[in-house]
Amino acid sequence: MKKIAALCLIAAMGLQLTACAGLGGNKDAWIEENTGKIGTTLDCGQFVVNGEVYSFPGDISDWLSSGWHISNNYENKDTFMLENNVESNEFELFNDEISSQYVSMLAINLEEEPAKIADCSIQYVEVKVSDDKDSSKLLLPGGITYKSTKEDVIAAYGDPVEIEDDRYLYYQYTTADDWDVNVEIEISAGVVDQVSYYLADSNWGYVGSAQDCIQFVDDALKTSFYGDYANYVENKFDTEENAQALYEAEIQYYAEGLMYYLDVDYESIDPTIAQSYYDLSAKVLAKFKWDTPVVDLPDGASYGSMELTMYPTDFLDIILEDAQAVADASADMTEDEYAENILNAIIPKVDEISYKDPVVGTYDIDLNDGVIDSDDWDEIDYILMDFAD
C-alpha cells in the first residue's frame, strides 16, 4: 500500500509540475491577449490594466466600476467636495480582488459645481509594475510592459521630449478634445518600472515667469473690460464661454453700481431701460486704461509682486451736474421716466470722458494660488471703475 501511495504521490507531483510548467510558460499570455484592445501609439491615450482598457484623460468612476475602490485613508472621501478646477491631494485606488495592487491618483473637478472625488476626473495616475505575480498587469500601446527596455520604449514612441538621469522618459500628446497630456515612463534595473499620466499645466494657461504674469494680467483686464478675450482663451487661461461670462459680469456690476449712484432702482425699472444702462456701461468700460504691469518675480520663484498703474475715468464726476438737474425735476416722474431721463442726460458724456490722476497699486503674486488674490482683483475693479472712494 505504501508503494501504491508513493506512486500516487509521484503521479500527483508530476501533474502539479506539469501544470506549473504550463503556467510558467504562459504567464505573459495576457500581453498577447490584450495587445489588440488598444491603439499602437502613445497618443491614442489608452492602456490596459488587468485586462481592462482605460483612457487618459478619464474619469475616476471608470476605475471604480471596474473593481477598484478609493483608499479608506483618504479623509472624508464620501463627503468631501472638490471645487471647480481644484486638484485633490494624492490618494490610492486599491484592487477589490488583490489587495496588494494599487494605483496612485490625483482628482480634478472639471465641472462648475462642487463634486465628490468619485465623481471627478483624473488629473494624475501612476501605476507601478513588475514581474511579481501580484503586481498590476499594465500594457501600454505598442506592446510596452514591465519587460520593455528604454530602447523598446523609444522604438515604440520615438525620442522623448526629455530624458532625466538616463532613467525618466517624458512624452507628450494632445487629445482630440485639445487636452495636453504628459507621460512619464520610469526605467529601473533596465526595464519599465513605473508609468504616470498627468494633465499638463498648459491646459490651464501655465503662468511660470514674470512675462507670463504680465501676459495673464493684461489679458484678464482686456477680457474683463473690453470683451477682448482672444488671447485669453488662446493661452488657455479660461474657456471662451467663461471669458464672455466674465465680461458680462463686469458690465452688470458697473451698470448696477452706476444706477445705484444715480438713485435708479435697477431691480424695478423696465428691462429695456435697464438694458440701455448695460449698453452704456459697456461703452464706459471700453474707455478704461492701464499701463503694462511691472512684475518682480525672480526666475524659478513662485512668489513676487506686481505694480499696476491705472487711470480711473472721470465719468462719475462729469455726469453729476446733469443727473442732479434731472433729479431736481423728478417730483412727478415715474421710476421708469426718471431712469430714462437720467440715461438721456448722461449718454452724451461718454464722448467727453478723460482721466483722473493715475493710481499705482502694488499686489502680491502667488503662482500656486491663482497668481493674483481675488481681493486684489476687486480692488483693481474699484479703482478703474472709480468706485474706490
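Sequential numbering from 1 along the given sequence is applied to the chain's residues.
Listed for the S330 side chain is no donor-acceptor partner under 3.5 Å among the backbone atoms of M333. Between the N34 side chain and the W30 main chain, a donor and an acceptor come within less than 3.5 Å of each other. A side-chain donor-acceptor contact under 3.5 Å links T145 to the backbone of K147. The backbone N or O of N341 sits nowhere less than 3.5 Å from a side-chain atom of N344 that would complete a donor-acceptor pair. Side-chain atoms of Q46 come within 3.5 Å of backbone atoms of G39 as a donor-acceptor pair (strictly under, hydrogens ignored). Remark: the backbone N or O of E92 is not paired with any side-chain donor or acceptor of S71 at under 3.5 angstrom. Between the side chain of T239 and the backbone N or O of N242 there is at least one donor-acceptor pair closer than 3.5 Å. With Y171 contributing its side chain and G158 its backbone, the two residues share a donor-acceptor pair below 3.5 Å. A donor-acceptor distance shorter than 3.5 angstrom exists from the side chain of D152 to the backbone of T149, with no hydrogens or angles considered. Without hydrogens or angle criteria, T223 side chain to D219 main chain gives a donor-acceptor distance under 3.5 Å.
When all heavy atoms are compared, the tightest approach of E87 to L106 is OE2-CD1, 3.6 Å. Contact record, P141 with I38: N-CD1, 3.6 Å, taken as the closest heavy-atom pair. The minimum heavy-atom distance between S99 and F94, with the atom names listed, is O-CD2, 3.4 Å. Between L93 and L64, the shortest heavy-atom contact is CD2-CD2, 4.1 Å. Of all heavy-atom pairs spanning N109 and C120, the tightest one is CB-SG, 3.8 Å. Across K133 and K137, no two heavy atoms sit closer than the pair O-NZ, 3.1 Å.
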Test Y338 against D263 for side chain to side chain contact (heavy atoms under 4.5 Å, CB included), laying out the working first. CA-CA 9 Å; Y338 172 72; D263 199 25; 4.0 Å; yes

Please lay out, stage by stage, how Y124 and I108 fare under the test side chain to side chain contact (heavy atoms under 4.5 Å, CB included). CA-CA 9 Å; Y124 167 91; I108 186 168; over 6 Å; no

Side chain to side chain contact (heavy atoms under 4.5 Å, CB included) between V183 and F56, worked out: CA-CA 10 Å; V183 183; F56 194 89; over 6 Å; no

Assess whether side chain to side chain contact (heavy atoms under 4.5 Å, CB included) is satisfied between C213 and V371, documenting all intermediate values. CA-CA 7 Å; C213 288; V371 184; 4.2 Å; yes

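Just one of N235, N182, D180 meets the side-chain hydrogen bond (donor to acceptor under 3.5 Å, both in side chains) condition when paired with S202; it is D180.
A donor-acceptor contact closer than 3.5 angstrom is absent between the side chains of E240 and Q244. In this model, no donor atom of one side chain and acceptor atom of the other lie less than 3.5 Å apart for D364 and S305. Between the side chains of D43 and T41, at least one donor-acceptor pair of N or O atoms lies under 3.5 Å. Of the N and O atoms on the side chains of N50 and E97, not one donor lies less than 3.5 Å from an acceptor on the other residue. For the residue pair D59/S61, the side-chain donor-acceptor check at 3.5 Å is not satisfied.
Looking at K283 and D279, no side-chain N of the basic residue comes within less than 4.0 Å of a carboxylate O on the acidic one, giving no salt bridge. A salt bridge does not link R167 with D193: every distance from a Lys NZ or Arg NE/NH1/NH2 to an Asp or Glu carboxylate oxygen is 4.0 Å or more.
With rounding to the nearest 0.5 Å, the separation of CD1 in I122 from CE in M105 is 3.5 Å. To the nearest 0.5 angstrom, S88 atom OG is 4.5 Å from I117 atom CD1.
Y311 is linked by a side chain to side chain contact (heavy atoms under 4.5 Å, CB included) to K289, D291, T309, Y355, P358, counting only residues two or more places apart in sequence or in another chain. With sequence neighbours excluded, the residues that form a salt bridge (charged side-chain N to carboxylate O under 4.0 Å, His left out) with E352 are K349.
Judged as a ring-ring contact (aromatic ring centres under 6.0 Å, His included), the pairs with a partner in residues 250-287 (not counting sequence neighbours) are, in order, Y254-F387.
The aromatic rings of W377 and F216 stand perpendicular to each other, their planes meeting at an angle above 60°, with 30° marking the opposite boundary.
Aromatic pair W179/Y197: centroids not less than 6.0 angstrom apart.
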